[in-house]
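Everything on this sheet refers to the single structure shown next.
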Amino acid sequence: MNRLSLGAQREELERIAPELLARKPETKPHELPELPNVRGTVVMRFAPYPSGPLHIGHARAVLLNDYNVRRYGGKFILAYDDTIGSEEKPLMPEAYDLIAEGMEWLGAEVHEVIYKSDRMPAFYQQADLLIARGGAYVCECASQELRANREKGVACAHRGRTPDENVELWRRMLDGGYGEGEAVVRLKTDMRHPNPAFRDRVLFRISEREHPRVGTRYRVWPLLEFSWAVDDHLLGVTHVLRGKDLVMEDEMEKAIWDYLGVQRRPEFIHYGFLFFKEMDLSKSKLAKDIREGRLSGVDDPRTWSLQSLRRRGIRREALRTFILSFGMSLTDVEVSAENLYAENRKVIDPVANRFFFVPDPVRIAIEGLPDIREVHPPVHPDFPERGTRTLAVSPTAYVPRVDYLAFRNEEIRLKDFCNVVLDERARFTGRGVKDIPKIQWVCEAVPMRVVMPDGAVTEGLAEANLRAARIGDVVQLERFGFVRIDAIDGGITAYLAHR
RNA sequence: GCUCCCGUAGUCUAGUCCGGUCAAGGAUAGGGGCCUUUCGAGCCCCCGACGUGGGUUCAAAUCCCGCCGGGAGCACCA
């Protein structure tokens, strides 16, 4: 059974146990609309350009694809869109692994991985055909000239050449007869097409840059539109999910298929942009900032990369629910990360055990403290069965500076410990729980630093019990926020998820 | 400028294709209360929207037209 192809496996299963195929989506939020024209196996693809790690914005494309593939029991292809790119958008060799890592963390079920840079023979072959059929021509205009003509809607002299002439010039391009920028292959649409964006777009151009995977083996590279016209067909893609910036690319693929005689075509579905109030996302810009040291690495919280979210203790389920809540509409979305945090809080609150952390500590002496050695706050207030933790106490304690300044000379409660009139020399007033402000504190402590979402570091003291935490644990520092424990050595380092 | 797309509360979203069951549902944020030895969680209540003008219709968030607002494409990037 396992030797059969995915499609054959599916057919077989459909025959013997059709109910197993009606897989329920794993996410609890509202159902997304059905995909149009589903018949046979749904094949979808996600095509990132490897210029940097995936960030939260890419999660939308990945998760939407993954959602539909799971829903229909289909096939998901991860296709590295690693054509040569441009000067402004260089390929980043490490990005391949970073992207795979991000996809895996998201829990996307990928069935096949392909690289555009491996498929050049197929692109060349289809280009031969397209040019021979008069669907494309070699143009020697300078890019400025080309652009000006497009704007004016006039054809250049090269447009009138015969297919035979173009085949020959295309050969010349491949054989190195042209330098960078000296010739391109253009799709023959209509120079007077009402949409100026659609007038004889470029399909291939020459680049002598070195490619991280295939080096200098190729110098004529396809643009996204052509490579996808070929591969959506060859790979049997049935449904293409794209950002709405790529709507015109649909038409270009269709025009190419018209020339190539491709009958079976995928459905195109577009979704609007996703903006976050608190971030400015750009894979290339992030890569640049990391390279130039403005960010600490691919998981610096300011990158909003999937790696950084993981490091902060954002859970994939929360991200999935959050992202899928936007649906698949063409409407642009501008949302606050607070909504993500709200989802994440629901996921981690039950698992996050409680600890005290005192940021920017102020030392106080408690006068009149009875002979108490330790106190036993609950590990988690909602789960008494998890037991209590032990905190050593003494007349010397540390409290957060903000609370010290806010409540000085007032009676407050050191939570789970005792009440004092707060001051440098604090006066013990009893141990009974009262309706007064309650703040966290430590006596016996371990140094701790918390990396905040903006990259700043908050230093302070944490209760010694935190030393027994494991790296990766998500805990709640009471009255401070939820953090993921990132390192435990002499002290503790954690990343803040959110309050 | 040309081509195309979108417009439900502070924010996100359901409903719009096939008009009535929508005096518009949910989430988040905000306000109030309960509970709680956290400013966490939970529970209850409240606030709050169909961009606008016209038309069609017994009936329009849903259909048609104009306007306004926002966005995208017009790269030898993806």
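Everything quoted here is computed from the prediction, not taken from an experiment. By convention in this document, chain letters (A, B, ...) are assigned in the order of the sequence lines, proteins followed by strands, and residues within each chain are numbered from 1.
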If the condition is ring-ring contact (aromatic ring centres under 6.0 Å, His included), which residues does A/F275 pass it with, not counting sequence neighbours? none

Provide, to the nearest angstrom, the distance between the CG atom belonging to A/L32 and the P atom belonging to B/rA14. 8 Å

Side-chain heavy-atom pair A/V62, A/I323 within 4.5 angstrom cut-off: no

Have A/R413 and A/N419 got a donor and an acceptor in their side chains that come within less than 3.5 Å? yes

Mind checking side chain to side chain contact (heavy atoms under 4.5 Å, CB included) for A/A229 and listing every partner two or more places apart, or none if nothing turns up? A/E253, A/I256, A/W257

Would you tabulate the nitrogen or oxygen pairs shorter than 3.5 Å linking the protein to nucleotides 63-68 of chain B?
none

Can a donor-acceptor pair be found, under 3.5 Å and without considering hydrogens, that links the side chain of A/H233 to the backbone of A/R265? no

Tell me the interatomic distance from A/F322, atom CZ, to B/rU11, atom C1', rounded to whole angstroms. 10 Å

Roughly, in whole Å, what's the span from CZ in A/R192 to P in B/rU3? 15 Å

So does A/E94 get a backbone contact from the side chain of A/D97, meaning a donor-acceptor N/O pair under 3.5 Å? no

Any sub-3.5 Å donor-acceptor pair from A/S51's side-chain atoms to A/K89's backbone N or O? no

Using atom P of each nucleotide, how far apart are B/rG31 and B/rA78 to the nearest Å? 48 Å

When you measure from the centre of the six-membered ring of A/Y67, is the NZ or CZ of A/R320 under 6.0 Å away and within 45° of the axis? no

In whole Å, measure the gap between the P atoms of B/rC44 and B/rU56 for me. 47 Å

Would you say that A/Y218 contacts A/H211 through its side chain, given a criterion of any heavy-atom pair below 4.5 Å between the two side chains? no

Roughly how many Å is it from CZ in A/F407 to C1' in B/rU38, rounded to a whole number? 12 Å

To the nearest Å, how far apart are A/R199 CZ and B/rC4 P? 12 Å

Where at least one partner belongs to residues 189-214 of chain A, residue pairs that pass salt bridge (Lys or Arg N to Asp or Glu O under 4.0 Å), sequence neighbours excluded: A/E87-A/R209, A/D118-A/R213, A/R159-A/D200, A/E208-A/R219

Structure string for RNA chain B in dot-bracket form, Watson-Crick and G-U at under 3.5 Å, | interchain: (((((((..((((......[....)))).(((((.......)))))....(((((..]....))))))))))))....

Results of salt bridge (charged side-chain N to carboxylate O under 4.0 Å, His left out) for A/R39 - residues two or more places apart only: none

P atom, B/rC17 versus B/rG7: distance in rounded Å? 13 Å

Atom CE of A/M252 and atom P of B/rC4: how far apart are they, to the nearest Å? 18 Å

Sequence neighbours left out, what passes side chain to side chain contact (heavy atoms under 4.5 Å, CB included) with A/R161? Give chain and number order. A/E140, A/H158, A/E165, A/N166, A/L169

Rounding to the closest angstrom, what is the interatomic distance between B/rG25 and B/rA9 at atom P? 14 Å

Whole angstrom value for the distance that separates C1' of B/rC6 from CG of A/L274: 15 Å

Given protein heavy atoms under 4.0 Å, the one-letter contact record of nucleotides 40-49 of chain B, with B base, S sugar-phosphate only and - none, is simply BS--------

Check every atom of B/rA27, B/rC12, B/rC6 against the side chain of A/E343 and return the nucleotide holding the closest atom. B/rA27

Can you measure from OH (A/Y80) to NZ (A/K116) and round to the nearest 0.5 angstrom? 14.0 Å

Atom-pair distance (CD1 on A/I269; P on B/rC6), nearest Å: 15 Å

Is A/D403 touching bases, backbone alone, or none of the nucleic acid, heavy atoms closer than 4.0 Å? base

Separation of the P atoms in B/rU57 and B/rG73, to the nearest angstrom: 42 Å

With the side chain counted from C-beta on, respond yes when A/F357 and A/T458 share a heavy-atom pair under 4.5 Å apart, and no when they do not. yes

Answer yes or no: does atom CZ of A/R427 have more than 12 heavy-atom neighbours from other residues, nucleotides or ligands under 6.0 Å? no

Could you list, one pair per line, each protein nitrogen or oxygen that sits under 3.5 Å from a nitrogen or oxygen of nucleotides 7-10 of chain B, together with the distance?
none

Please report the distance separating the C1' of B/rG70 from the corresponding atom of B/rG32, rounded so that it comes out in whole Å. 36 Å

Qualifying salt bridge (Lys or Arg N to Asp or Glu O under 4.0 Å) pairs with a residue from residues 172-181 of chain A, counting only residues at least two apart or across chains: none

Hey, is A/D349 close enough to A/R354 for a salt bridge, meaning N to O under 4.0 Å? yes

Report the residue (A/L477 or A/R60) whose heavy-atom-nearest nucleotide on RNA chain B is the more 5′ of the two. A/R60

I'd like to know whether CD of A/E151 has more than 12 heavy-atom contacts from other residues, nucleotides or ligands below 6.0 angstrom. no

Within the sub-3.5 Å range, which N or O atoms of nucleotides 32-35 of chain B have a protein N or O partner, and how far apart are they?
none

In B/S/- notation (B base, S sugar-phosphate only, - none; protein heavy atoms under 4.0 Å), nucleotides 69-78 of chain B written 5' to 3' is --SSBBBBBB

Using 0.5 Å steps for rounding, measure from the CG atom of A/L496 to the CZ atom of A/R484. 12.5 Å

Any side-chain to backbone donor/acceptor pair from A/E249 onto A/E225? Under 3.5 Å, distance only. no

Please measure how far the C1' atom in B/rA23 lies from the corresponding atom in B/rG48, and state the result in whole Å. 15 Å

Expressed in whole Å, how much space separates the P atoms belonging to B/rU21 and B/rU36? 44 Å

